[in-house]
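The chains referred to below are lettered A, B, ... by the order of the sequence lines, with proteins before strands, and numbering in each begins at 1. Bear in mind the structure is a predicted one, so any value in this text is a computation, not a measurement. When reading the values below, keep in mind they use all heavy atoms of this one structure, side chains included, and skip hydrogens, waters and symmetry mates.
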There are 2 protein chains.
Amino acid sequence: MTRVLVIDDEPQIVRALVINLKARHYEVDAAHDGATALRLAAARHPDVVVLDLGLPDMDGVEVIKGLRGWTRVPILVLSARHSSDEKVEALDAGADDYVTKPFGMDELLARLRAAVRRAEPVPGGEDEVVVDTAEFTVDLAAKKVNRGGKDVRLTPTEWHLLEVLVRNTGRLVSQKQLLQEVWGPSYGTETNYLRVYMAQLRRKLEADPAHPRHFITEPGMGYRFEK
Amino acid sequence: MTRVLVIDDEPQIVRALVINLKARHYEVDAAHDGATALRLAAARHPDVVVLDLGLPDMDGVEVIKGLRGWTRVPILVLSARHSSDEKVEALDAGADDYVTKPFGMDELLARLRAAVRRAEPVPGGEDEVVVDTAEFTVDLAAKKVNRGGKDVRLTPTEWHLLEVLVRNTGRLVSQKQLLQEVWGPSYGTETNYLRVYMAQLRRKLEADPAHPRHFITEPGMGYRFEK
DNA sequence: GTCGTCTTTGACGGAACCCTGACGGCCGCC
DNA sequence: GGCGGCCGTCAGGGTTCCGTCAAAGACGAC
């Protein structure tokens, strides 16, 4: 199911959007200020964001930049401002589309569908959904890890960390990038989190956790997943 | 360079677009009917398409479908029709954005940039990130060095130094520049650092560290990396 | 409220890394 | 030949970084 994050401080607009989206079987989260929005985005990983630029606590463009720091999720901007400059600024900050209020619900939904559609991975995707190693198997689509015929139970954070690493198989992922992708854009220095969770992943997946063969530490730089 | 295909039967609009796009260093192809457009798209593989829905020979939506049959190139629709149904139809047929005439050139260009940006491959595109030599291979994206089938382990400082040198393959890099890029702007005279780390790189990567073939010293000036 | 699970936090030993100084070789120059 | 500048090599010591453990805090289920 497609997950939408709606960010707007006007309750009636939020309500209208939520009703229409839910009726079309979207899963909807709502935030009424920028700080909540950024936190929710990090926690819930929406498939598309609908953002009103006029927020009480921060400039809408700052929200766009905050999101673009760590994700390419489509951002559809709503705004009462018709000025060309505003549109250009928002789009160049990383927004994908800009709709002026008042808007037609049909059009908005069509733009939403377009944004979601083009963000979809190529059909018959080139990216592997299942990654095999000698000791275990990761199924990114099913969100499952199998080891020795049994499913391994992972906590949400463990899974998220594993996912980022596996999607970058063979590549070094910096500690900052890991922290920001898993814990949110405001993190970046809390390397102790990584140490703890990397240890848990190794304990659950490595044959010999003390001498990891798949979750490799690059001191001072980050971690790397190898098949 | 980014290639744009403009499809419109009104010469003055085409001319305005072509002038503005070329001034911004886009490469521009133009078609004034749907058949030509489809042929040009297949032949030239544009990075983005600007399509006017009102064409003489065929319905604009048919052009969209014709393109979508084989490509995911971003399509930006122009139209004089403001009706919601038209927008929905075009977007659902596969358009990425819909701009109503008369439009502001600034806004159109911003939407064009947004369309091109999100179609870009994942950051750090496909461009040469792997550098080969006779003895070893440097993958700048994965931050990996392979030598004789085995990965070579480098410390952060070693990496940083190697990276600067490799990004300037064949060119002389001054000691001052190396020191400032690797150790920070307040360094510039601590050439002993360079001696130590250059030695470590040679020991790890050169076949005969005493007679380096890739990491070459230019006495009094700096170092150079050669393939 | 109580329990269980998950996350966050702090502390510690050990390993990895970076800086530093010393020494020797090579070369050009006085 | 002696000297100084420049570079390569090596090894020790201080510092940072990582793995590990344990316990407290947050959260939801019952």
Side-chain angles (χ1 to χ4, degrees), chain A residues 39-40 42-44 143 145 151-165 172-176 178-184 186-225, chain B residues 143 145 151-162 165 172-176 178-184 186-224:
Chain A
R39 201 165 41 71
L40 262 181
R44 304 273 292 162
K143 291 200 189 298
V145 182
D151 282 350
V152 181
R153 186 184 174 77
L154 295 184
T155 72
T157 309
E158 287 165 7
W159 171 259
H160 205 151
L161 182 59
L162 175 66
E163 192 175 5
V164 175
L165 286 168
L172 173 73
V173 188
S174 73
Q175 340 190 77
K176 190 172 179 183
L178 284 170
L179 283 165
Q180 294 195 338
E181 293 222 21
V182 176
W183 279 270
S186 61
Y187 293 76
T189 56
E190 293 79 351
T191 57
N192 44 330
Y193 293 11
L194 287 178
R195 294 208 295 279
V196 171
Y197 277 90
M198 202 59 63
Q200 289 177 1
L201 278 182
R202 283 170 176 154
R203 192 168 337 127
K204 291 185 178 179
L205 300 178
E206 291 274 4
D208 178 5
H211 303 97
R213 297 189 50 229
H214 302 103
F215 300 94
I216 301 177
T217 305
E218 300 281 0
M221 301 199 286
Y223 293 86
R224 182 200 310 277
F225 172 76
Chain B
K143 287 210 195 310
V145 181
D151 284 347
V152 181
R153 189 135 220 181
L154 296 186
T155 72
T157 311
E158 288 164 7
W159 241 112
H160 210 148
L161 184 58
L162 175 66
L165 287 169
L172 171 70
V173 187
S174 74
Q175 322 190 90
K176 189 171 180 182
L178 284 171
L179 284 164
Q180 294 193 340
E181 291 222 26
V182 177
W183 278 269
S186 60
Y187 293 76
T189 56
E190 293 80 350
T191 57
N192 45 329
Y193 294 9
L194 287 178
R195 293 208 296 279
V196 171
Y197 278 91
M198 203 59 65
Q200 289 178 1
L201 277 182
R202 283 170 176 155
R203 188 164 347 122
K204 291 186 178 179
L205 300 179
E206 291 275 5
D208 178 4
H211 303 96
R213 298 189 47 227
H214 302 103
F215 299 95
I216 301 175
T217 306
E218 301 281 358
M221 308 186 59
Y223 294 86
R224 179 186 13 232

Sequence neighbours excluded, the answer for salt bridge (Lys or Arg N to Asp or Glu O under 4.0 Å) partners of R213(A) is E135(A)
| message | Closest approach to the side chain of P156(A), judged atom by atom: which nucleotide of dT7(C), dG21(C), dA16(C) is it? | response |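 Output: dT7(C).
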query: Expressed in angstrom and rounded to an integer, what is the separation of L161(B) atom CG from dC18(C) atom C1'?
result: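 That distance rounds to 14 Å.
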Check: What is the nucleic acid contact for Y223(B), judged by heavy atoms within less than 4.0 Å: base, sugar-phosphate only, or nothing?
Finding: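 Y223(B): backbone/sugar contact only, no base atoms under 4.0 Å.
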Contacts of P219(A) meeting side chain to side chain contact (heavy atoms under 4.5 Å, CB included) (sequence neighbours excluded), chain-then-number -> T217(A), R153(B)
From the candidates dC6(C), dT9(C), dC17(C), the one with an atom nearest any side-chain atom of P219(A) is dC17(C)
Taken to the nearest whole Å, CZ/R153(B) to P/dA16(C) is 9 Å
Across all chains, not counting sequence neighbours, the ring pair (Phe, Tyr, Trp, His ring centres under 6.0 Å) partners of H160(B) are none
Rounding to 0.5 Å, atoms CG (L172(B)) and CE (M221(B)) come to a distance of 5.0 Å
Separation of dC18(C) atom P from H160(B) atom NE2, nearest Å, is 12 Å
Those residues at least two apart in sequence (or on a different chain) that pass side chain to side chain donor-acceptor pair (under 3.5 Å) with W183(A) are none
L154(B) CG to dC17(C) C1', in whole Å, measures 13 Å
Between CD of E158(B) and C1' of dC17(C) the distance, given in whole Å, is 9 Å
Across all chains, not counting sequence neighbours, the side chain to side chain donor-acceptor pair (under 3.5 Å) partners of Q175(B) are none
Would you mind reading off the distance between N192(A) atom CG and dC12(C) atom C1', rounded to a whole angstrom?
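Rounded to the whole Å, the gap is 14 Å.
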With sequence neighbours left out, the residues meeting side chain to side chain donor-acceptor pair (under 3.5 Å) with E190(A) are none
Exercise for review: Tell me what W183(B) touches on the nucleic acid: a base, only sugar-phosphate, or nothing, going by heavy atoms under 4.0 Å.
Suggested key: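 Result for W183(B) = sugar-phosphate.
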Side chain to side chain contact (heavy atoms under 4.5 Å, CB included) filter on E158(A), not counting sequence neighbours, yields L154(A), T155(A), Y197(A), Q200(A), L201(A), K204(A)
Practice problem: For dT7(C), take OP1 and OP2 only and decide whether either is under 4.0 Å from a side-chain N or O of T155(A). | Solution: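 Indeed, a polar side-chain atom of T155(A) lies that close.
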* **Expected output: side-chain R202(A) to main-chain P212(A) donor-acceptor under 3.5 Å** => no
request  = Only counting residues at least two apart or in another chain, list the ones meeting side chain to side chain donor-acceptor pair (under 3.5 Å) with D151(B).
outcome  =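 If we apply the side chain to side chain donor-acceptor pair (under 3.5 Å) test to D151(B), skipping adjacent residues, the hits are N146(B).
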Protein-proximity profile, nucleotides 25-30 of chain C, B/S/- by nucleotide at the 4.0 Å heavy-atom cutoff, equals ------
### dT20(C) OP1/OP2 closer than 4.0 Å to side-chain N/O of R195(B)
no
NA contact type, Y187(A), heavy-atom cut-off 4.0 Å: base, sugar-phosphate, or nothing?
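No contact.
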field: Side-chain donor or acceptor of E206(A) paired with backbone N/O of F215(A) under 3.5 Å
entry: yes
Quiz prompt | Non-neighbouring partners of Y223(B) that pass ring pair (Phe, Tyr, Trp, His ring centres under 6.0 Å), sequence neighbours left out | solution =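 Ring pair (Phe, Tyr, Trp, His ring centres under 6.0 Å) check on Y223(B) returns nothing, list empty.
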Outer limits of DNA chain D sitting under 4.0 Å from a non-hydrogen atom of chain B, read 5' to 3', are dC6(D) to dC10(D)
- Using a heavy-atom distance cut-off of less than 4.0 Å, which residues of residues 197-209 of chain B contact DNA chain C?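 Listed by number, they are Y197(B).
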